[in-house]
Amino acid sequence: MTDRFADKLLAWYDQHGRHNLPWHHDRNAYRVWVSEIMLQQTQVTTVIPYFEAFMERFPTVRDLAEAPVDDVLSHWSGLGYYARARNLHKAATQVVDEFGGEFPANAETLETLTGIGRSTAAAIVAQAFGKRAAILDGNVKRVLARHHAVPGWPGRTGVLRQLWEYAEEHTPDERVRDYTQAIMDLGAMVCTRSKPECNACPVSDTCQAFARNETHLYPGSKPKKAKPEKTTWMLILEDTEGRVLLERRPPSGIWGGLWSLPELDPAHGADELQQACERELGLECHEPELISGFRHTFSHYHLHIQPARLSVQRQKGVAESGRFQWFYPDQALNMGLPAPIRTLLTEPEQTALL
DNA sequence: AAGCCGGGGAG
DNA sequence: CTCCCAGGCTT
């Protein structure tokens with residue numbers, strides 16, 4: 001490239017970039033790696049408090065590798081995409097067992113670690129080791145799609161390949177660490193999704209979308225499809241000591257590995273909950289108290305959650321075996337809970353009359 | 001190539 | 001409400 005894209009970006013970054021994010025301090029491969037995983041599909045402002053707490057609890061990759069996965073999930077609770085946490089824990093053991101606790105300094109080897117793909121590997125190589133590597137996250141996709149007027153949704157293979165080519169082309173040999181931060185900062189602060197501040201952009205003079213006054217057309221938007229609606233009963237089962245029953249979710253699938261409330265099929269009417277609890281959970285309960293339901297939206301479907309509280313008078317065996325366990329409220333809140341379940345257990349719930 | 005996998009910020 | 005965020009894995 002002869003348009004000095006990187007030089008202009010770096011000059012802007014020196015003046016206006018974000019130089020004080022938590023993972024910029026005490027920079028090492030471990031901290032960079034954790035931040036990159038947390039930042040996948042997650043905004044910076046959301047990540048910051050999670051990153052701080054996580055580093056307090058797991059200061060090194062060995063601390064992480066030696067920790068119970070439940071401990072890792074509890075620190076991920078509310079952040080979403082929990083496979084990231086499971087993969088992070090697994091990768092930590094890989095780093096310790098296969099690489100003696102030292103992160104590999106090249107992208108190809110980093111990609112053998114669970115949860116690290118092409119862009120994350122490049123980010124670690126550049127940020128932690130200062131070696132040349134091209135990244136392509138959501139910010140960079142938007143900047144490059146506009147700058148080169150690349151049509152189409154970046155989820156399409158051809159569009160993605162074209163963007164990777166531009167990403168490689170613009171990545172400089174010098175100051176790669178600053179450059180990767182600079183192009184992400186530009187995307188986050190100037191070349192924003194809506195109403196970009198092209199007046200403040202250091203590369204607007206060579207931006208094709210800006211020249212055509214068509215920044216709003218790039219990048220192409222994702223084709224949307226309707227999300228199915230699902231419904232479930234969520235049971236707040238309390239024993240005589242004030243403990244609540246939680247169920248560990250299967251290791252894969254939605255909320256994989258997290259502790260959640262026992263559920264019942266929505267085909268059951270409210271008047272059948274007592275029987276169902278006894279038959280399916282082995283719990284003799286009092287009358288259910290219905291709590292106002294709410295809708296929770298996932299990336300690919302909506303879930304209507306209908307909570308019901310039942311006092312348990314006698315256990316007849318089944319529960320407290322395998323995946324079911326009783327917790328005192330403060331214990332429960334220290335577990336890896338899905339965000340809506342945490343809210344449900346925390347907020348003073350409004351009760352609806354049956 | 002398309003689906004799966006969360007939760008929240010911002011408009 | 002919609003859109004998308006420092007994506008990767010599975011099918």
Side-chain angles (χ1 to χ4, degrees), chain A residues 18 21-24 31-51 73 76-88 90-91 110-128 133-143 145 153-161 163-164 167 180-189 191-196 216 219-228 249-258 260 295-303 336-343:
Chain A
R18 295 176 292 188
L21 294 169
W23 38 94
H24 293 164
R31 288 170 63 86
V32 169
W33 169 55
V34 172
S35 74
E36 290 298 332
I37 302 300
M38 285 189 171
L39 287 161
Q40 288 171 0
Q41 298 293 288
T42 311
Q43 295 184 354
V44 168
T45 54
T46 301
V47 164
I48 288 175
Y50 282 89
F51 180 81
L73 285 171
W76 214 271
S77 178
L79 198 51
Y81 283 155
Y82 298 96
R84 293 184 296 172
R86 301 192 301 271
N87 291 339
L88 196 75
K90 180 179 179 183
L110 283 168
E111 281 191 60
T112 68
L113 298 175
T114 312
I116 298 183
R118 180 175 176 181
S119 187
T120 299
I124 296 170
V125 163
Q127 302 266 10
I135 63 164
L136 188 62
D137 63 8
N139 288 310
V140 181
K141 286 173 186 171
R142 187 170 54 253
V143 169
W153 174 54
R156 291 166 51 98
T157 304
V159 177
L160 193 61
R161 187 181 64 246
L163 292 174
W164 269 114
T180 60
Q181 188 64 51
I183 193 167
M184 288 189 289
D185 285 2
L186 188 76
M189 303 166 67
C191 195
T192 49
R193 181 165 63 86
S194 61
K195 294 193 292 184
H216 61 289
S221 57
K222 175 183 181 174
K224 56 182 171 186
K225 56 198 168 207
K227 294 175 180 173
R249 300 196 48 97
S252 65
I254 204 78
W255 295 336
L258 272 65
S260 187
R295 195 170 82 147
H296 184 75
T297 299
F298 295 101
S299 49
H300 52 300
Y301 66 91
H302 302 286
L303 179 65
L337 302 173
I341 305 308
R342 181 172 297 280
T343 301

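Note on naming: letters A, B, ... go to the chains in the order of the sequence lines (proteins, then strands), and numbering restarts at 1 for each one.
Phosphate contact (OP1/OP2 of C/dC3, side-chain N/O of A/Lys224, threshold under 4.0 Å): present. Taking side-chain N and O atoms only, A/Trp76 has no distance below 4.0 Å to OP1 or OP2 of B/dG6. The shortest distance between the side-chain N/O atoms of A/His296 and the OP1/OP2 oxygens of B/dG6 is not below 4.0 Å.
On the P atoms, B/dA10 is 11 Å away from C/dA6, given to the nearest whole Å. Separation of the P atoms belonging to B/dG6 and C/dT11 is 15 Å when rounded to the nearest angstrom.
When distances run from any side-chain atom of A/His300 to the nucleotides B/dC4, B/dG7, C/dT2, the shortest one goes to B/dC4. When distances are taken from the side chain of A/Arg295 to each of B/dG11, C/dC1, B/dG7, the shortest belongs to C/dC1.
With sequence neighbours left out, A/Gln40 forms a side chain to side chain donor-acceptor pair (under 3.5 Å) with A/Thr120. Applying the side chain to side chain contact (heavy atoms under 4.5 Å, CB included) test to A/Ser260 and every residue at least two apart in sequence or in another chain returns A/Met234, A/Arg249, A/Trp255, A/Pro338, A/Ile341. Shown here are the side chain to side chain donor-acceptor pair (under 3.5 Å) partners of A/His216, two or more places apart in sequence or in another chain: there are none. Taking the salt bridge (Lys or Arg N to Asp or Glu O under 4.0 Å) definition, one finds that A/Arg295 meets it with A/Glu229, sequence neighbours left out. Here A/Phe51 pairs with A/Trp23 under the ring pair (Phe, Tyr, Trp, His ring centres under 6.0 Å) rule; sequence neighbours left out.
Rounded to the nearest 0.5 angstrom, A/Thr180 OG1 and A/Gln127 CD are separated by 3.5 Å.
In this structure, A/Met38 places its CE atom 15 Å from P of B/dG8, rounding to the nearest Å. Rounded to a whole Å, the OH atom of A/Tyr82 is 11 Å from the C1' atom of B/dG8. Note: CG (A/Leu79) to C1' (B/dG8) measures 10 Å, nearest angstrom. The nearest whole Å value for the distance from the CE atom in A/Met189 to the C1' atom in B/dA10 is 16 Å. The NZ atom of A/Lys225 sits 9 Å away from the P atom of B/dA2 (whole-angstrom rounding). For the pair A/Ile48 CD1 and B/dG9 C1', the computed distance is 13 Å after rounding to whole Å.
Below 30°, between 30° and 60°, or above 60°: for A/Phe298 and A/Tyr301 the angle between ring planes is between 30° and 60°, a tilted geometry.
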Determine, for nucleotides 5-11 of chain C in 5'-to-3' order, which nucleotides have protein heavy atoms under 4.0 Å from the base (write B), from only the sugar-phosphate (write S), or from neither (write -). BBBSS--
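Comparing A/Tyr301 and A/Gly158, the nucleotide of DNA chain B nearest to each residue sits closer to the 5' end for A/Gly158. When each of A/Trp153 and A/Phe298 is assigned the nucleotide of DNA chain B bearing its nearest heavy atom, the one mapping closer to the 5' terminus is A/Trp153.
Counting any heavy atom pair closer than 4.0 Å across all strands shown, A/Gly78 reaches sugar-phosphate atoms only and no base atom.
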